[in-house]
Structures are given as structure tokens and as C-alpha cells.
Student: 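The structure's right below; bear with me while I get my questions together.
Values below: all heavy atoms of this structure, side chains included; hydrogens, waters and symmetry mates excluded. A note on names: the letters A, B, ... follow the listed sequences, proteins ahead of strands, and every chain is numbered from 1.
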Amino acid sequence: MASSKPSIPKGTRDFNPEQMVRRNYIFDSIRSVFSIYGYQPIETPAMENLSTLLGKYGEEGDKLLFKILNSGDFLERVDPSTARPGNSNAVSLAICEKGLRYDLTVPFARFVVQYQNDIVFPFKRYQIQPVWRADRPQKGRYREFYQCDVDVIGSTSLLNELELVLIINEVFQRLGVRVVVKLNNRKILSGIAEVIGEAERLTDITVAIDKIDKIGIDGVNSELRERGVSEVAIEKLQPVILLKGNNTEKLGLLKNTLAPSEVGMRGIGEMEELLELIRQSGELLSEVELDLSLARGLNYYTGTIFEVKAADVEIGSICGGGRYDDLAGIFGMKNLSGVGVSFGADRIFDVMLQLNLFPDSLLSSTQVMFTNFGKSEAAYCLKALRQLREQGVSAEIYPDPAKMKKQLDYANRRRIKLVVIAGESEMQQNQLSVKNMETGEQATISAEDVVSYIKENI
RNA sequence: GUGGAUGUAGCUCAGCUGGUUAGAGCACCAGAUUGUGGAUCUGGGGGCCGUGGGUUCAAGUCCCAUCUUCCACCCCA
């Protein structure tokens, strides 16, 4: 073999036309909901300065950043003695100053700080762009994937949280995906850690209880032990982890437990207010559930945490987010609270494909095709073809004078509903034949009526 | 980053304990049918068996490495 087979990098994908129209259906639906709620679009570059990205996602996140090699003689300023195996990380920082963005939230925070004087606050923005993670790919996990972020920054009102819940509900209602919206609050988690006497182990505790669905209560407990949480604390934690009942019942029980914790009670207050706001907005299609095991890894969250799971497919979360009180602080802008969620378009795609939720109509792009029997016959069609297009009907003419079988076959495979047949006999009568490919019916129409006939029969 | 599976035609897969020229279905192209599609029949093209090395008289088959895809862990959309 002269050259190896063409291929694309691990974890990346090509999208064919069928996949693209379906993806665009998702993006368009999401975009229009965002827009209805008053959010404005922005875009940021695929690459950011590495200094913007590093240290924002924890140690794990830093490892998953794609770094971009400097141009030119990038080894020029590298001390040869540091360039040895085992020291790749330090060297990579010396030879790379840019990286591909890991999410849309951090670039957004950078954007807000950079343009703070031009932005009108509260700033409601949405952003739909790909992000890259040097993760090991597996089901529902890619190295390049799209996020659809909505955030509002510069407001602490819980009305923003409410709005996000309503957006989530509306997006998945439009797409026909049944979901469960899970809510929690970082302050409640802090309160729990405080009450059981392990305040400084908040992250360990949340990471462990986040896994309860997967590894069960015993697994969580042994993981807590491994992470150094005391037996007494684990004992105290049990009733909280195992909390059952509806949202109000859970909150009621939590109130007793968290009474000694000021943070915890504030968290409960926020949760109660949010649930009340949701109730007042009217009936939602999506189920909204307070889930204390919901932790989410990103440690910049400080208040409400959101996560959305598909009710009918096992694929991890398809949307998630939360409130962050001090994200822009990293970039030198204090006291700017924000809250937002991110829709994972690629996973939503996988869910919808599996549940067969894409409308068939997406697959036919051309509505009318003119057959081609030769130069003069094709020319005879051009006027009607143009008129149809001017009136918004998507139409095309088969470019080559191929056999009728081949042309009709093409129309079939492209799912084109109407085929216009115009040959010598039609030309002589100043007519065109219009064939419906679904029913097989065919009618012969005069040249002046053919456009309106087609419009009526699309 | 750790562990486990996988790779044969465009796609889904056969191919026995190593043994002639590597198969099927679907898809594609052509013809039956020169102005009427989806059906049927007939024929045809297409493979250095993921890649590189090794063992052997002989490797798609056994061994090693590497890459891909998939699964679990970590983490996450």
C-alpha cells in the first residue's frame, strides 16, 4: 500500500449530510429557545492563551487540555537538561503558549472581564461552539464535541435559575426527549460537610456520594473511608445520603439536620425559593428533582447545581451547569455572580437517534426535481425551475441527460417528492408532466400552470 | 493515565487444531427494460485480511509491538 488509509484523529468525527441536518435541527431548536428567553449570541476563538485555561478545571482538567505547539523554533529557549522523559509537562509549558478551549464557560469569563466596559449587565449570552478534551474516547464521549452554553452574569437573583430550568424544559420538550432535571445546591453540600464535622473534606465527600447510583451506598461508604473521612462522620452522613421522598419532604428533613450550619440553611433557603418559583411558573413537562448526590466535578460552582438526564437512555448527563459566584474573579473582576447551563449536543444527538426522535422530513432537502432528456428539453424547464426557487420551493434539475431509470432512482434516494418530466411530446404541447414519487400518480399540466400546480402538491 | 476486548470487500460478518487462487449477504455498476422509480433475475467491479516485525516449508489463522474502535475505571457533555 503506497499510503495508509485516510483517517481522522481519535475521538473526532466526520458528519455526513444526514447527520448534519439532524444536528442542525438540534442546534436550531436550542438556539431559538435561547433567543426567546432574551439571550444574545457570542463566539470566542477555538484557541485561548494557555494561561487563561490552566488551573481552571483542576489537576485532571489541566491534563485534558490540548496544547498547541509554538510556531518557529520552539526549542530555542528550552534548557536541554530539562527536556527529558518524565518532565514532559514542564517542557510542554515552555514550548506551548496556546491551547484549545476545554469548555465555553472559562472563555466566557475571560470575555466578560475583557469587555466589561462595553457589556450591559446583567449580561445574558449564549454560545454554541465545539470544545476539545484530550480524554480517552468511549460511548458518548468524544475529543471534539459541541457545547451549547447559556449563562447570565451580573445577577444573583434566583429568577435566573428559574429561567434556566424553564429553558431546559422547553428545549427538551421541543426535541421530544423525556428528561429528569436534577437540582442541588453547593451550600447544602457544604452544610452537610460542616454538620458531620468534615468541612474541609467537601470535595472528597461530594465526589464519593456523586457515585451512589453506580456503586451503591456500601461503595460510597468505603470510598469515603479511603478518602479519610471519619467513621463518625460517615455514620452521620447516612440518613442524608439515603434521604427519600418528594422534594418538600427531603427539604423538611434536611432542615433539621442542617440547622446548626448557617451555609447549609442558606442553601436550603435558596432551594426552597427556586422550587417555589418553578411551581408558580406552572406545570412543567420535565420532572424536577432535588438530588443530594448531585455534586458535579467543576469546583467553581457555589450555589445551585443542575444536571439533566435522559429518562429513556443510559448515557450520562446531557446538560449540566450551576451558579458560580467568583468565576470572573480569576480574571480580576470581583463580585460578579453568574449562573448557566451547557447542553451537550452530541449526546442529545445520540439519545434522539436511539429513540428515533428525528422527524423524517429532515431527510428530504429537495422538493422538486426536473428530469433531463437533453439540451433543448433541459432548457425548456429552466424558467419553471427558476420560478419555483424564487417562490421558496427547493428545486433542482438533473444535470446530465441520463436514462430515466437512473434519474428517477436518484430522486428516490434523495427522497424528492415531485419529479417533473418534460420531453419531446410535452414540449410540443407546451406542457410538463409532474409525477408524485410517493403515490406514483402523474399529471400533465400546461406550462403556465405548472408552478402553481407544484406549489399545491408539495 | 490504568485495565480488558476488537480489527477480513463501501457496510454487517463467515473463514475449523496454520495447508491450493479468501467467501456470503447487503450496497455499488451494467444488462434484461432506448420516456417512467422502489420489485425480480443475470452478469460485473472491488481485499497485500489495520500496520510493522517475528515463528514456520507454509500465516487471515500463532507470537510481539503499534494504531483504530469499543467497554470499564478516573473524570466528564
Side-chain angles (χ1 to χ4, degrees), chain A residues 1-13 16 26 30 57-65 88-89 101-105 128-149 203 206-208 210-211 214-215 219 223 295-299 306-310 314-321 340-351 369 371-374 377 398 401-427 432-442 444:
Chain A
M1 211 179 293
S3 61
S4 55
K5 281 185 183 174
S7 64
I8 55 176
K10 185 204 285 247
T12 65
R13 295 150 303 153
N16 64 29
I26 294 174
I30 290 175
Y57 310 106
E59 228 173 285
E60 280 298 321
D62 284 356
K63 278 193 223 158
L64 298 180
L65 284 173
S88 311
N89 215 27
R101 62 165 169 259
Y102 177 92
D103 71 358
L104 300 177
T105 308
I128 299 178
Q129 290 191 274
V131 303
W132 295 269
R133 294 182 189 179
D135 219 350
R136 183 171 289 204
Q138 53 178 279
K139 199 68 178 176
R141 177 177 298 196
Y142 310 99
R143 287 185 145 184
E144 177 185 61
F145 61 97
Y146 272 74
Q147 291 192 328
C148 312
D149 273 34
T203 310
T206 53
V207 168
D210 193 47
K211 294 180 189 165
K214 249 185 198 167
I215 59 180
E223 176 143 352
R296 296 195 60 77
L298 295 176
N299 42 24
F306 305 87
E307 185 160 293
V308 180
K309 292 206 150 187
E314 198 54 54
I315 196 172
S317 66
I318 53 178
C319 176
V341 295
S342 178
F343 291 77
D346 300 83
R347 285 190 180 172
I348 295 172
F349 180 93
D350 291 347
V351 168
M369 187 195 85
T371 51
N372 182 337
F373 294 133
E377 290 91 337
Y398 197 87
K403 286 181 181 175
M404 168 116 37
K405 176 181 165 64
K406 187 165 182 173
Q407 298 191 37
L408 292 182
D409 203 47
Y410 171 86
N412 259 335
R413 303 202 39 179
R414 292 281 315 277
R415 300 188 190 225
I416 296 169
K417 184 178 173 186
L418 297 179
V419 169
V420 178
I421 297 166
E424 207 178 326
S425 56
E426 281 87 354
M427 282 173 73
L432 298 101
S433 298
V434 178
K435 183 179 177 72
N436 183 319
M437 297 298 279
E438 287 163 9
T439 62
E441 285 164 17
Q442 187 169 325
T444 302

Student: Assess whether one donor atom and one acceptor atom, taken from the side chain of A:Thr371 and the base of B:G35, lie less than 3.5 Å apart.
Tutor: no

Student: Please tell me if A:Gln138 has a side-chain N or O lying less than 4.0 Å from either OP1 or OP2 of B:A72.
Tutor: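 Looking at the OP1 and OP2 atoms of B:A72, one of them is under 4.0 Å from a side-chain N or O of A:Gln138.
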
Student: Each nucleotide in nucleotides 25-30 of chain B should get exactly one letter: B, S or -. Can you fill that in based on protein heavy atoms under 4.0 Å?
Tutor: ---S-S

Student: Let's test your reading of the model: under 3.5 Å, does the base of B:G35 pair with the side chain of A:Glu426 as donor and acceptor?
Tutor: yes

Student: Within less than 4.0 Å of OP1 or OP2 of B:G35, is there a side-chain N or O belonging to A:Lys435?
Tutor: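 Checking A:Lys435 against B:G35: no side-chain N or O falls below 4.0 Å of OP1 or OP2.
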
Student: Can you check whether any acceptor in the base of B:U36 is under 3.5 Å from a donor in the side chain of A:Gln407, or vice versa?
Tutor: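 Under the 3.5 Å cut-off, the side chain and the base do not form any donor-acceptor pair.
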
Student: If you only use heavy atoms from C-beta on, which nucleotide in B:U36, B:A77, B:C75 is closest to the side chain of A:Met404?
Tutor: B:U36

Student: Distance check, C1' atoms only: B:A5 and B:C67, in whole angstrom units.
Tutor: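 To the nearest whole Å, 15 Å.
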
Student: Using the C1' atoms only, state how far B:A77 lies from B:U66, rounded to an integer number of Å.
Tutor: 31 Å

Student: With nearest nucleotide decided by heavy atoms, which residue, A:Arg136 or A:Gly440, maps closer to the 5′ end of RNA chain B?
Tutor: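 This one resolves to A:Arg136.
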
Student: For A:Arg133 and for A:Lys10, locate the closest nucleotide of RNA chain B by heavy-atom distance; then report the residue assigned to the nucleotide nearer the 5' terminus.
Tutor: A:Lys10

Student: Of the options A:Arg141, A:Arg143, A:Lys63, which is the one that meets A:Asp135 in a side-chain hydrogen bond (donor to acceptor under 3.5 Å, both in side chains)?
Tutor: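 When side-chain hydrogen bond (donor to acceptor under 3.5 Å, both in side chains) is applied between A:Asp135 and each of A:Arg141, A:Arg143, A:Lys63, only A:Arg141 qualifies.
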
Student: Among B:G37, B:A77, B:G35, which is the nearest nucleotide to the side chain of A:Ile421?
Tutor: B:G35

Student: Take N1-N3 plus N6-O4 or O6-N4 for Watson-Crick, N1-O2 plus O6-N3 for G-U, both under 3.5 Å. Which runs of 3 or more such pairs involve RNA chain B?
Tutor: B:1-5 with B:69-73, B:10-13 with B:23-26, B:28-32 with B:40-44, B:50-54 with B:62-66

Student: Heavy atoms only, 4.0 Å cut-off, all strands: where does A:Gly374 land among base, sugar-phosphate and nothing?
Tutor: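 Nothing: the residue A:Gly374, judged by heavy atoms under 4.0 Å, touches no strand.
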
Student: A side-chain contact here means heavy atoms from C-beta on lying under 4.5 Å apart; do A:Thr371 and A:Val420 qualify?
Tutor: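 Side chain of A:Thr371 against side chain of A:Val420, heavy atoms only: no contact under 4.5 Å found.
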
